[in-house]
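Report on one structure; see the data block that follows.
Position 1 is the first residue of the sequence; numbering continues from there.
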Amino acid sequence: MLTFIVNLLLGVSWGLVIVGAVNPFLDFKKTDLIGIFLDVIIGIFPGIIALLFLEHFITTKEKYFELQKQTKLLEQIYNQTKL
């Protein structure tokens, strides 16, 4: 269930990035290219921050599960060598 929620939030974050990048180009009030690119950078910033946070969360969770597997294996090796 947690994986589903995190993947859903990843999709929402990518949506924010796309909307933040496309929206300044569709706004015809600005005509200078530098201003549009600055608006694109500012627009994608929240989505990128959310993506980085969620990817860090996923990586930390995977690392935790991998360390649990390694701990079990090390305990089995230790118990076999102790005999």
Establish whether [X] and [Y] are linked, either directly or via other cluster members, by ILVMFWY side-chain heavy-atom contacts under 4.5 Å.
| X | Y | result |
| --- | --- | --- |
| L52 | I58 | yes |
| L54 | L2 | yes |
| V12 | V22 | no |
| L33 | L38 | no |
| F45 | L51 | no |

Enter the distance from [X]:[atom1] to [Y]:[atom2] here, rounded to the nearest 0.5 Å.
| X | Y | atom1 | atom2 | result |
| --- | --- | --- | --- | --- |
| I48 | F53 | CD1 | CZ | 15.5 Å |
| N79 | L74 | CG | CG | 11.0 Å |
| H56 | K63 | NE2 | NZ | 9.0 Å |
| Q76 | K72 | CD | NZ | 8.5 Å |

Whichever hydrophobic residues join L8 through chains of side-chain contacts under 4.5 Å: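 Noted: L8 shares its cluster with no other residue.
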
Other ILVMFWY residues reachable from Y64 by side-chain steps of under 4.5 Å: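 Members other than Y64 - counting any ILVMFWY side chain reachable under 4.5 Å - are F65.
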
Contacts of type side-chain hydrogen bond (donor to acceptor under 3.5 Å, both in side chains), residue T59, not counting sequence neighbours: none

Where is the tightest heavy-atom contact between [X] and [Y], given as atom of each residue plus distance?
| X | Y | answer |
| --- | --- | --- |
| I44 | V17 | CG2-O, 3.3 Å |
| I36 | P24 | O-CB, 4.0 Å |
| T71 | L67 | OG1-O, 2.7 Å |
| G47 | L16 | CA-CB, 4.1 Å |

Does D39 form a side chain to side chain contact (heavy atoms under 4.5 Å, CB included) with D27? I'd like the steps, not just the answer. CA-CA 10 Å; D39 284 348; D27 186 16; 5.7 Å; no

Kindly check if the number of other-residue, nucleotide or ligand heavy atoms within 6.0 Å of CG (L26) is above 12?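 It does: L26 CG has more than 12 such atoms within range.
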
Would you find a donor on one side and an acceptor on the other, under 3.5 Å apart, between the side chain of N7 and the backbone of T3?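 Between the backbone of T3 and the side chain of N7 there is a qualifying donor-acceptor contact (under 3.5 Å).
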
